[in-house]
Novice: 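Would you mind keeping the following structure in view while I ask a few things?
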Amino acid sequence: QVQLVESGGGLVQAGGSLRLSCTASGLTFSMHAMGWFRQAAGKEREFVAAIARSAGSTYYGDSVKGRFTISRDNAKNTVNLQMNSLEPEDTAVYYCAARYSRYSGTAYPKEDEYTNWGQGTQVTVSS
């Protein structure tokens with residue numbers, strides 16, 4: 001079955017950086033668009049970043065533009081999220097998501113467009 005396993009979360013001070021990774025198995029990774037979402041305590045899940053299966057297209061949520069970078073390595077079945085200039089407001093559980101995509105250049109920013117989800121990794125940013 002499809003498994004998405006996130007790693008790299010932790011505690012960091014404001015202004016610091018973290019790099020999240022998501023390793024996928026049980027699917028043809030190169031045929032799947034990938035996304036990152038996050039959910040803070042007491043809030044709804046929020047779109048963070050998305051990348052097309054060809055990596056030719058990326059999409060970012062307004063709150064992370066210019067600070068976060070999504071990338072993928074199809075040879076390693078991995079999608080990464082480099083997070084810089086972290087703020088306390090970035091504190092949340094971060095989820096990796098996947099969906100089959102017929103279109104190599106399309107990135108998907110909506111939660112309901114994804115079919116597979118990881119268990120999440122906690123990111124805490126202290127002030």
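Position 1 is the first residue of the sequence; numbering continues from there. Excluded from the calculations below are hydrogen atoms, water molecules and symmetry mates; all remaining heavy atoms, backbone and side chain alike, are included.
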Novice: Parallel, tilted or perpendicular: which fits the ring planes of Tyr94 and Phe68, with parallel below 30° and perpendicular above 60°?
Specialist: tilted
Novice: Which heavy atom of Val64 sits nearest a heavy atom of Val48, and at what distance?
Specialist: CG2-O, 3.4 Å
Novice: Quick one: does NZ or CZ of Arg72 land under 6.0 Å from the six-membered ring centre of Phe29, within 45 degrees of the ring axis?
Specialist: yes
Novice: Taking C-beta and beyond as the side chain, do Gln122 and Thr91 meet within less than 4.5 Å on heavy atoms?
Specialist: yes
Novice: Are Trp117 and Val79 linked, directly or through other ILVMFWY residues, by side chains that come within less than 4.5 angstrom of each other?
Specialist: no
Novice: Could you tell me whether a side-chain N or O of Asn77 sits under 3.5 Å from a main-chain N or O of Gly26, the two making a donor and an acceptor?
Specialist: no
Novice: For a 4.5 angstrom cut-off between non-hydrogen side-chain atoms, does Arg53 reach His32?
Specialist: no
Novice: With a 4.5 Å cut-off on side-chain heavy atoms, are Asp90 and Met83 touching?
Specialist: no
Novice: Can you name the closest pair of heavy atoms from Asn84 and Ser17 and give their distance?
Specialist: OD1-OG, 2.9 Å
Novice: Evaluate the side-chain proximity of Cys96 to Trp36: yes if any heavy-atom separation is below 4.5 Å, no if none is.
Specialist: yes
Novice: Could you state whether Tyr60 and Val125 fall into the same hydrophobic cluster, counting links through intermediate Ile, Leu, Val, Met, Phe, Trp or Tyr residues with side-chain heavy atoms under 4.5 angstrom apart?
Specialist: yes
Novice: Is a side-chain donor or acceptor of Glu6 paired with a backbone partner of Gln119 at a separation under 3.5 angstrom?
Specialist: yes
Novice: How many angstroms lie between CD in Gln13 and CG in Leu86, if you round to the nearest 0.5 Å?
Specialist: 11.5 Å
Novice: Are side-chain heavy atoms of Leu4 and Met34 found at a separation under 4.5 Å?
Specialist: yes
Novice: Taking atom OH of Tyr100 as the centre, does the number of heavy atoms from other residues, nucleotides or ligands within less than 6.0 Å exceed 12?
Specialist: yes
Novice: Once you round to the nearest 0.5 Å, how far does CD of Glu89 lie from OG of Ser63?
Specialist: 10.0 Å
Novice: Would you say that more than 12 heavy atoms from the other residues, nucleotides or ligands in this model lie under 6.0 Å from the CD of Glu87, or not?
Specialist: yes
Novice: Is it true that the side chains of Asn80 and Gln82 contain a donor and an acceptor less than 3.5 Å apart?
Specialist: no
Novice: Using 0.5 Å steps for rounding, measure from the OG1 atom of Thr121 to the CG atom of Leu18.
Specialist: 9.0 Å
Novice: For residues Tyr59 and Tyr114: do they belong to one hydrophobic cluster (side chain heavy atoms under 4.5 Å, members Ile, Leu, Val, Met, Phe, Trp, Tyr)?
Specialist: yes
Novice: Look at the side-chain heavy atoms of Ile, Leu, Val, Met, Phe, Trp and Tyr, link any pair under 4.5 Å apart, and say whether Leu20 and Val93 land in one connected group.
Specialist: no
Novice: Search all heavy atoms of Thr78 against all heavy atoms of Lys76 and return the closest pair with its distance.
Specialist: OG1-O, 2.9 Å
Novice: Which atom pairs, donor and acceptor, lie under 3.5 Å between side-chain atoms of residues 104-112 and protein residues at least two apart or in another chain?
Specialist:
residue, atom, partner, partner atom, Å
Tyr108, OH, Ser101, OG, 3.0
Glu111, OE2, Arg45, NE, 3.1
Glu111, OE2, Arg45, NH2, 3.1

